[in-house]
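Worksheet: one structure, shown below.
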Amino acid sequence: MSNEKDVQGADGLERLAGSVEGVIFSNEENGYAILDFGTEQGELVTVVGTLPYVAEGDELTVFGKWVHNPKYGRQFRAEQFEKRLPSDSAAILRYLASGAVKGIGPKKAKRLVETFGEDSFEVLEHHPDWLTQIQGISRKMAEEISAEFCRQAGVRNAMLFFRDYFGAALTVRIYKAWGSAAVERAKQNPYALCEIEGIGFEKADAMAERLGYDRGGLERAKSGVLYVLAYNAGQSGHTCLPRERLIEATAQLLGIDPSCVEEAIAALLREEKLRVVRTKTAAGDRVLVYTRAAYVRERTIAERLLLLDRTCVRMEHADINGFIAREERSGGIAYAYLQKMAIAGALENGVMILTGGPGTGKTTVVRALIRIFDSMGMRVALAAPTGRAAKRLSEATSAEARTVHRLLEMSYADEGHAEFARNERNQLDEDVIIVDESSMMDEPLMCALVKAIKPGARLLLIGDADQLPSVGAGNVLRDIIASGRFATVALTEIFRQAQNSLIVTNAHAINRGEAPRLDVKDNDFFFLARAADRDIAATVADLCRNRLPRTYGAEIVGNIQVIAPSRKGEAGTENLNRLLQDTLNPRAHDKREHRVRDLILREGDRVMQIRNNYDLIWERGEESGCGVFNGDIGIIEEIDPANQRLSVAFDDRHVVYDFTGLDELELAYAVTVHKSQGSEYPVVILPLCQAPPMLLTRNLFYTAVTRAQRMVILVGREEIAVQMVQNNRQSMRYTGLAGRLFAGKEQ
């Protein structure tokens with residue numbers, strides 16, 4: 001097949017044909033390999049790329065580009081490949097003797113080829129019983145060898161079929177999910193590929209069009225409906241959509257008549273892939289459409305929260321007052337009225353919500369509750385959605401705090417999906433679960449948590465409902481509060497020690513809709529006026545590189561976090577990251593680099609994980625675990641071109657990334673406010689520059705300011721600060737949790 005190709009191959013890629021002389025490195029998980037490759041012209045070259053299931057003796061045609069590796073020189077980076085089985089006896093012997101087919105070693109390979117010659121592959125695939133003629137091969141072994149050979153044939157077919165639609169890495173994922181039936185399944189319904197991570201509707205739709213599928217067909221419309229729901233969950237946080245909006249959006253996306261979408265929704269409802277909930281609003285009845293998974297999650301959260309609140313053993317008011325009085329005596333402290341209300345609420349109820357801004361004493365309440373529950377012999381678990389938030393909670397309470405994922409003992413299924421060992425069948429042992437930064441909890445994580453809490457246990461959710469909602473789908477904390485079904489205490493008093501901090505007083509002013517004070521020069525909140533975005537960016541870089549280190553010492557550099565409202569523009573995170581990388585970690589001969597997309601990653605760079613990845617393994621000394629999550633920030637320790645790996649230190653956890661997984665990392669010298677949620681930094685620099693109105697909002701401003709522990713520096717235009725305070729636009733999300741909780745029953 002390869003001889004028919006020109007030197008310039010598919011999509012303008014260069015072409016090499018030849019055979020694998022040796023496999024230097026191979027990663028079975030993602031198919032990445034480094035090969036010694038003998039070309040048809042007799043040249044020995046190094047080929048790197050996603051080349052799954054290749055072995056010494058394989059005859060390949062690879063399509064890609066020549067690149068120069070700083071350490072290993074000239075290499076051919078393959079983006080696509082075709083695999084052919086050798087055809088003459090000598091080549092077949094070499095191929096089988098290399099161990100390419102499990103169960104056949106050099107001796108068996110020699111006997112097999114001596115017996116069947118050039119028909120050896122035909123026998124392996126279609127006549128496994130003939131293999132029993134070979135000394136040392138039993139009937140069972142013959143069947144296993146044949147099955148392995150057929151599996152490899154399926155891989156070859158998949159690679160040939162899908163190479164025109166997807167890259168090799170995605171093809172590996174498809175084959176792992178569907179096995180040898182992958183090609184046939186994709187031909188029958190290419191939209192079924194949407195269920196495989198990394199493909200999505202657009203890619204499946206493009207493939208279907210090339211295969212000649214009807215663009216007005218039912219399968220396309222059904223896939224489009226599910227895509228619109230998934231897209232809105234991922235991008236806008238909606239757990240459901242009003243039926244009329246779903247129909248309109250899907251029809252517009254697919255370019256089809258709304259009646260076709262209605263037919264698709266009806267079919268999906270029959271297949272139980274969708275569920276609907278009818279609600280009453282001031283404007284009349286509304287039908288909300290959910291995916292089945294989202295519907296089950298929301299119903300489960302409501303049922304479990306109501307169960308926890310109902311089954312908790314109530315304490316007598318006299319006992320509660322006694323506990324509070326004892327804490328005041330032993331600690332030499334007088335709790336404020338609302339703090340006493342919060343302590344009492346947590347002791348009296350199965351589910352309780354504690355909210356409040358900075359400096360209002362939430363941590364004081366948590367410390368008191370930990371001591372009280374401990375004195376009662378009750379086991380307490382402290383948790384937070386992110387590693388940084390958990391670490392901060394642990395430092396504030398002097399007690400162990402874990403991420404929610406770790407509390408639930410997350411692990412992985414064979415398919416690579418996250419599983420929680422703690423669930424409704426194996427519930428947590430603790431009697432009290434306290435979750436900080438709960439405004440960050442999306443519906444999937446909250447669902448996993450409440451399923452794992454045993455009836456009779458208490459759940460205390462702590463958060464700041466005025467911050468931005470969770471990155472993932474749902475509006476959990478606000479919905480729980482809005483339902484009115486659970487005890488909720490909002491701390492509002494700023495305590496004396498916090499009143500001296502402009503960070504605290506300005507944060508509360510912003511939250512009330514008042515302009516922050518920008519004229520104080522000797523506190524912890526500073527404003528540097530700059531008009532042009534270019535000057536704002538230059539000042540931010542100068543603060544990080546020169547002004548702050550000169551005043552506070554070089555060690556402050558690692559404690560600075562630039563947080564910007566927008567990704568775009570000269571003062572957006574994308575440009576600031578390039579500028580700050582050049583300023584703080586410039587190119588050097590002893591720092592290795594690797595290009596990903598339009599990004600240069602360099603040893604010493606600060607980077608952020610931008611999506612949850614439950615597959616990544618981390619190590620901490622002799623301890624190991626799995627999972628790196630959206631928003632985790634670390635430092636690149638080493639880039640290893642030879643093994644195509646990159647290692648990152650996330651605080652005390654060390655994680656190794658394969659080069660094929662680096663699209664999950666981005667520079668983090670500057671991050672968006674959304675990405676900063678759940679984290680605190682000693683010093684926060686916030687550029688005040690023009691951005692879309694949806695990003696210049698009061699709660700975004702408030703969230704950014706409350707990320708700072710010791711210092712906030714605003715750089716930019718004062719009118720932008722005023723605009724953000726006045727813009728009280730809230731992020732509206734379609735969810736049904738509040739209504740379901742209010743009703744107190746299944747809908």
Note to self: Below 30° counts as parallel, above 60° as perpendicular, anything between as tilted: where do the rings of F201 and Y191 land?
What the structure shows: parallel
Notebook entry, point to check: Tell me the salt bridge (charged side-chain N to carboxylate O under 4.0 Å, His left out) pairs involving residues 222-237, sequence neighbours left out?
Noted result: E219-K222, K222-E271
Check: Could K65 and E14 be called an ion pair, given the rule that one side-chain N must be under 4.0 Å from one carboxylate O?
Finding: no
Notebook entry, point to check: How far apart are the closest heavy atoms of A182 and I174, and which atoms are they?
Noted result: CB-CG2, 4.0 Å
Note to self: Looking at R292, I'd like to know if its CZ atom is crowded, meaning that more than 12 non-hydrogen atoms belonging to other residues, nucleotides or ligands lie closer than 6.0 Å.
What the structure shows: no
Checklist line | Full working for side chain to side chain contact (heavy atoms under 4.5 Å, CB included) between L253 and Y227 | finding: CA-CA 10 Å; L253 171 72; Y227 169 74; 3.5 Å; yes
Notebook entry, point to check: Under 6.0 Å from the NZ atom of K107, do we count more than 12 heavy atoms belonging to anything else shown?
Noted result: no
Note to self: Looking at every non-hydrogen atom in both residues, tell me the closest pair between A221 and C260 and how far apart they are.
What the structure shows: CB-O, 4.0 Å
Notebook entry, point to check: salt bridge (Lys or Arg N to Asp or Glu O under 4.0 Å) with E21: which residues, sequence neighbours excluded?
Noted result: R94
Notebook entry, point to check: Any side-chain heavy atom of L112 within less than 4.5 Å of one from I104?
Noted result: yes
Check: Between atom CG of L246 and atom CG of L229, what is the distance when rounded to the nearest 0.5 Å?
Finding: 5.0 Å
Check: H126 and P128: which non-hydrogen atoms are nearest, and at how many Å?
Finding: C-CD, 3.4 Å
Margin query: Counting only heavy atoms not in E202 (residues, nucleotides, ligands), do more than 12 fall under 6.0 Å from its CD?
Written below: yes
Note to self: Under a 3.5 Å distance rule, please check whether N232 uses its side chain to pair with a backbone N or O of V228 as donor and acceptor.
What the structure shows: yes
Margin query: Any non-hydrogen side-chain atom of E593 less than 4.5 Å from a side-chain atom of R602?
Written below: yes
Checklist line | E638 bridged to R592 by N-O distance under 4.0 Å | finding: yes
Check: Going from NZ on K187 to CG on L211, what distance comes out if it is rounded to the nearest 0.5 angstrom?
Finding: 8.5 Å
Next item on the list: Give a yes or no on whether R534 atom CZ has more than 12 heavy-atom contacts from other residues, nucleotides or ligands under 6.0 Å away.
Entry: no
Item checked: Residue pair V48 / Y32, side-chain heavy-atom distance below 4.5 Å -> yes
Checklist line | Over all atoms of both residues, closest heavy-atom pair of I199 and A204 | finding: CG2-N, 4.1 Å
Next item on the list: Mind running side chain to side chain contact (heavy atoms under 4.5 Å, CB included) on V225 and V261 for me, showing each step along the way?
Entry: CA-CA 7 Å; V225 167; V261 182; 3.8 Å; yes
Notebook entry, point to check: Does a side-chain heavy-atom distance below 4.5 Å link H405 with F420?
Noted result: yes
Checklist line | L580 vs N585, side chain to side chain contact (heavy atoms under 4.5 Å, CB included): CA-CA, chis, key distance, verdict | finding: CA-CA 8 Å; L580 291 170; N585 189 34; over 6 Å; no
Check: Is a side-chain donor-acceptor pair under 3.5 Å present for Y213 with D205?
Finding: no
Note to self: Given 3.5 Å as the limit, does a donor-acceptor pair link the side chain of S470 with the main chain of G472, or not?
What the structure shows: yes
Check: Considering only heavy atoms from C-beta outward, does the side chain of V20 approach that of L51 to under 4.5 Å?
Finding: no
Item checked: Straight-line distance of R74 CZ to W66 CH2, nearest 0.5 Å -> 4.0 Å
Note to self: Can you confirm whether W618 sits close enough to D632 that some side-chain heavy atom of one is under 4.5 Å from a side-chain heavy atom of the other?
What the structure shows: no
Next item on the list: May I ask you to test the V54-F37 pair for a side-chain heavy-atom distance under 4.5 Å?
Entry: no
Next item on the list: Might you point out which heavy atoms bring P444 and A473 nearest each other, and give the distance in Å?
Entry: CD-O, 4.1 Å
Notebook entry, point to check: From T672 OG1 over to H674 NE2, what is the distance, rounded to the nearest 0.5 angstrom?
Noted result: 7.0 Å
Check: Hey, does the side chain of N575 reach the backbone of K568 with a donor-acceptor pair shorter than 3.5 angstrom?
Finding: no
Check: Can you tell me how far CD1 of I639 sits from NE2 of H594, rounded to the nearest 0.5 angstrom?
Finding: 8.0 Å
Check: Can you check whether L124's main-chain N or O pairs, donor with acceptor, with S146's side chain at less than 3.5 Å?
Finding: yes
Next item on the list: Please check if atom OH in Y231 has more than 12 non-hydrogen atoms from other residues, nucleotides or ligands closer than 6.0 Å.
Entry: no
Notebook entry, point to check: So, N577 side chain and T573 main chain: donor-acceptor pair closer than 3.5 Å or not?
Noted result: yes
Next item on the list: Over all heavy atoms of both residues, which pair between A264 and L218 is shortest? Give the atoms and the distance, please.
Entry: CA-CD1, 3.8 Å
Note to self: Donor-acceptor pair, distance only, cut-off 3.5 Å: does the side chain of Q561 make one with the backbone of Y669?
What the structure shows: yes
Margin query: To the closest 0.5 Å, what do you measure between NE2 (H127) and CZ (F116)?
Written below: 9.5 Å
Check: Are any non-hydrogen side-chain atoms of I256 and R220 less than 4.5 angstrom apart?
Finding: yes
Check: Does E666 come within less than 4.0 Å of R567, counting only side-chain N to carboxylate O?
Finding: yes
Next item on the list: Could you check D58 against L35 for side chain to side chain contact (heavy atoms under 4.5 Å, CB included), going step by step and ending with a plain yes or no?
Entry: CA-CA 11 Å; D58 276 342; L35 311 176; over 6 Å; no
